[in-house]
Amino acid sequence: MDKTVCIKNLGCKVNAYECEFIMSLFLREGYKIVSDNASVYVINTCTVTNEADKKSRRTINSIKKHNPNSVVIAIGCYTQNLYNTNKNIEINADIILGNKDKSRIIEYLNQYLKNKDKIIKFYDVKYTKFEDMKINHLESHTRAFIKIQDGCDNYCSYCVIPYVRGEVKSKNKDKVLEEATSLVNNGYKEIVLTGIHTGKYGTDLNNYKLYNLLLDLLEIKNLERIRISSIEIVEVDNKITSLLNSPKIADHMHLPLQSGCDKMLKLMDRRYNTKYYEDKINLIRSVNPNISITTDVIVGFPGETEEDFNETYEFCKKIGFSKIHVFPYSDRDGTKSATMKDKVNDLVKKERVKKLIELSDNLEKDYKNKFNNKKLDVLFERKKFLTYIGYSSNYIEVKKIGFYKLNNIYKVKYKC
């Protein structure tokens, strides 16, 4: 068997980090990373929506069908959810793992190659500990991701993730700082802190929270930018807010809203109301007026009337997000909302999604226009002919013709 591996990420930034780590394991074993026609395929799956489930299942089965002699390894949230719910759904993979033992993937592969017996290994992830992974170099990114946290204990009524990722667990602070220092020493200018519930970092550690970690990261020499991938509004306390005018903290926060209607927020089991959310946004903007604030919104949650949706629409408009990621609600087996009545018609959901995306497009245009002809600090990440493409601190995509070094930050004039 030739030593080639194709690694596919079907999920979030946490999955992306895990895929990079798995890639490093295979490289250490002498494998070549390829995009197809591999002897080994690893698929890191997602289960956040019904569509994610379908995509995960379709991808696994299609790869095995077209590569019958390859070893197919399916891991992640979708496979974990199949185990949790005892669903009798066939997926055509040779090795099936959940959300634990990803760091042992080579060990399982060698066991399979020796015995040729299908391997299925799962754990009850509720109380599993943080699975340590460390990356010194990323094959497919110029921004360096560090997974600092896993698990969630919010149990929002629509979400299956706490059941497939388990309780909150944090990476040891010394290991985070060591990994960050190593990445910076290898030339990375920006580090993205990621997790399933990043803002809960340290709640299982002794008196060391996300704020303390940010303070220590700010001290790392030659680290030019720290980006927080996503954080809940209730976790942006005064201490974290006080750091938002630091030149090293990215001028961008992703703060999931989910609904701009208090009735819906209560049904969703979110831990705030619209007034709390708005007050916190105003506080953030008082510290950093130019910050980009992006969000997630679920449309068509059970019981959402036209009036409820209009409240969400107007609230999003009032806040003035720079981008809204819109998701039509879908039932997830085992969640509280799956049993709720007053389901919203799919056509109605589709119309509401369209309306909110149109608002998002207009808000994004308005936000970008504020920076037209102004200079932005841009990390160039890729090149297409003579055009260099990268992102500013406030996450505006910038394209410039010229000669720049990738993975370096330049102050350039932005043109809409």
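Not measured: the values here are computed from a predicted model. Computed from heavy atoms alone, side chains included, the values below leave out hydrogens, waters and symmetry copies.
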Exercise for the section: Mark yes when over 12 heavy atoms from residues, nucleotides or ligands other than K118 sit less than 6.0 Å from its NZ; otherwise mark no. Expected result: yes

Problem - Close side-chain approach of R332 and D53, heavy atoms under 4.5 Å - result: yes

Problem - Derivation and outcome, salt bridge (charged side-chain N to carboxylate O under 4.0 Å, His left out), residues K3 and E29 - result: CA-CA 9 Å; K3 298 186 87 171; E29 293 293 315; 5.1 Å; no

Problem - Check: L27 and I33 side chains under 4.5 Å, non-hydrogen atoms - result: yes

Handout entry: Worked check of side chain to side chain donor-acceptor pair (under 3.5 Å) between N44 and K8
Key = CA-CA 6 Å; N44 201 1; K8 292 187 178 290; over 6 Å; no

Exercise for the section: Answer yes or no: is there a donor N or O on one side and an acceptor on the other, between the side chain of E179 and the main chain of I135, under 3.5 Å? Expected result: yes

Exercise for the section: Start with the C-alpha distance between E131 and N99, add both sets of side-chain angles, then the distance that settles side chain to side chain contact (heavy atoms under 4.5 Å, CB included), and finish with yes or no. Expected result: CA-CA 9 Å; E131 186 171 1; N99 272 324; over 6 Å; no

Practice task
Decide, yes or no, whether a salt bridge links R165 with E18 under the criterion of side-chain N to carboxylate O below 4.0 Å.
Solution key: yes

Exercise for the section: State plainly whether the residues D2 and K32 are in salt-bridge range, i.e. N to O under 4.0 Å. Expected result: no

Practice task
Please report the shortest heavy-atom distance between L25 and I106, naming the atom on each side.
Solution key: CB-CG1, 4.0 Å

Practice task
Determine the sole option in V72, I73, I7 for which the side chain to side chain contact (heavy atoms under 4.5 Å, CB included) test with I43 is passed.
Solution key: V72

Exercise for the section: Report yes or no: does N345 contribute a side-chain atom to a donor-acceptor pair with the main-chain N or O of L347 at less than 3.5 Å? Expected result: yes

Practice task
Indicate yes or no: at least one non-hydrogen side-chain atom of E178 is less than 4.5 angstrom from one of K134.
Solution key: yes

Problem - Pi-cation contact, F130 with K147 (under 6.0 Å, within 45°) - result: yes

Handout entry: N172 side chain reached by D132 side chain, heavy atoms, under 4.5 Å
Key = no

Fill in the blank from the handout: Heavy-atom closest pair (D204 atom, S170 atom, distance to 0.1 Å) is OD1-OG, 2.5 Å

Exercise for the section: Taking the six-membered ring for Trp and the single ring otherwise, decide whether the centroids of F145 and Y17 are under 6.0 Å apart. Expected result: no

Practice task
On the 0 to 90° scale, with breaks at 30° and 60°, tag the Y395-Y391 ring pair as parallel, tilted or perpendicular.
Solution key: parallel

Problem - CA sep, side-chain torsions, deciding dist, call: S229, H254, side chain to side chain donor-acceptor pair (under 3.5 Å) - result: CA-CA 7 Å; S229 61; H254 186 79; over 6 Å; no

Exercise for the section: Indicate whether any N or O donor in one side chain lies under 3.5 Å from an N or O acceptor in the other, for K415 and N373. Expected result: yes

Completion exercise
R352 and F309 have their tightest heavy-atom pair at O-CZ, 3.4 Å

Exercise for the section: Decide yes or no on side chain to side chain contact (heavy atoms under 4.5 Å, CB included) for V192 and I146, but give the supporting numbers first. Expected result: CA-CA 6 Å; V192 184; I146 300 180; over 6 Å; no

Practice task
Check the angle between the aromatic planes of H137 and Y188 and answer parallel, tilted or perpendicular using the 30° and 60° thresholds.
Solution key: tilted

Practice task
Mark yes or no for whether S259, through its side chain, and L265, through its backbone, hold a donor-acceptor pair below 3.5 Å.
Solution key: no

Completion exercise
What one should report as the nearest heavy-atom pair of I284 and T241 is CA-CG2, 4.2 Å

Exercise for the section: Could you tell me whether D94 and K64 have a side-chain N and a carboxylate O separated by less than 4.0 Å? Expected result: yes

Handout entry: N115 versus Q111, side-chain donor and acceptor atoms under 3.5 Å
Key = no

Exercise for the section: Identify whether the distance between the nearest side-chain nitrogen and carboxylate oxygen of E232 and R270 falls below 4.0 Å. Expected result: yes

Handout entry: Check against side chain to side chain donor-acceptor pair (under 3.5 Å), T45 and S56
Key = CA-CA 6 Å; T45 61; S56 294; 4.6 Å; no

Exercise for the section: Would you indicate whether the side-chain heavy atoms of P162 and C152 approach each other to under 4.5 Å? Expected result: yes

Fill in the blank from the handout: NZ (K411) and OG (S392) are apart, to the nearest 0.5 Å, by 11.0 Å

Handout entry: N408 vs L379 side-chain heavy atoms within contact, under 4.5 Å
Key = no

Exercise for the section: For N67 and Y41, test the side chains for any donor-to-acceptor distance below 3.5 angstrom and give the result as yes or no. Expected result: yes

Fill in the blank from the handout: N245 and V287 have their tightest heavy-atom pair at CB-O, 3.8 Å

Practice task
Using a strict cut-off of less than 4.0 Å between a Lys/Arg side-chain nitrogen and an Asp/Glu carboxylate oxygen, indicate whether K54 and E51 qualify as a salt bridge.
Solution key: yes

Handout entry: Residue K13 excluded, over 12 heavy atoms near NZ under 6.0 Å
Key = no

Handout entry: Side chain proximity check, F301 to Q258, heavy atoms < 4.5 angstrom
Key = no

Practice task
Please check if the side chain of Y108 supplies one atom and the backbone of I96 the other of a donor-acceptor pair under 3.5 Å.
Solution key: no

Exercise for the section: Could you tell me whether Y388 and F403 have their ring centroids closer than 6.0 angstrom? Expected result: no

Exercise for the section: Please confirm whether the backbone N or O of S322 pairs with a side-chain atom of T294, one donor and one acceptor, at under 3.5 Å? Expected result: no

Practice task
Could you go through the side chain to side chain contact (heavy atoms under 4.5 Å, CB included) check for N61 and I91 one step at a time?
Solution key: CA-CA 6 Å; N61 291 337; I91 52 172; 4.2 Å; yes

Problem - Side-chain donor/acceptor of K343 to backbone N/O of M340, under 3.5 Å - result: yes

Problem - Sole residue of D251, I249, D377 in side chain to side chain contact (heavy atoms under 4.5 Å, CB included) with R225 - result: D377

Practice task
Could you tell me whether the side chain of Q80 and the main chain of Y123 form a donor-acceptor pair under 3.5 Å?
Solution key: yes

Handout entry: Main-chain N/O of H197 paired to Q149 side chain as donor or acceptor, under 3.5 Å
Key = yes

Exercise for the section: Check the angle between the aromatic planes of Y208 and Y201 and answer parallel, tilted or perpendicular using the 30° and 60° thresholds. Expected result: perpendicular

Completion exercise
When every non-hydrogen atom of C6 is compared with those of S35, the smallest separation belongs to SG-O, 3.4 Å

Exercise for the section: Using distance alone, with no hydrogens and no angle criterion, decide if K280 and Y276 have a side-chain donor and acceptor under 3.5 Å apart. Expected result: yes

Problem - Min side-chain heavy-atom separation T59-Y78 under 4.5 Å - result: no

Handout entry: Side-chain donor/acceptor of K169 to backbone N/O of G151, under 3.5 Å
Key = no

Handout entry: R382 (side chain) donor-acceptor with L406 (main chain) under 3.5 angstrom
Key = no

Exercise for the section: Dump the intermediate steps for side chain to side chain donor-acceptor pair (under 3.5 Å) on N136 and S182, then the final yes or no. Expected result: CA-CA 6 Å; N136 296 312; S182 175; 2.7 Å; yes

Handout entry: Electrostatic pair D101-K121, nearest N-O below 4.0 angstrom
Key = no

Problem - Stepwise side chain to side chain contact (heavy atoms under 4.5 Å, CB included) check, V378 with K400 - result: CA-CA 10 Å; V378 178; K400 296 294 284 188; over 6 Å; no

Exercise for the section: Identify whether the distance between the nearest side-chain nitrogen and carboxylate oxygen of E364 and K323 falls below 4.0 Å. Expected result: yes

Fill in the blank from the handout: Residue pairs meeting ring-ring contact (aromatic ring centres under 6.0 Å, His included), one or both in residues 349-379, sequence neighbours left out, come to Y367-F371

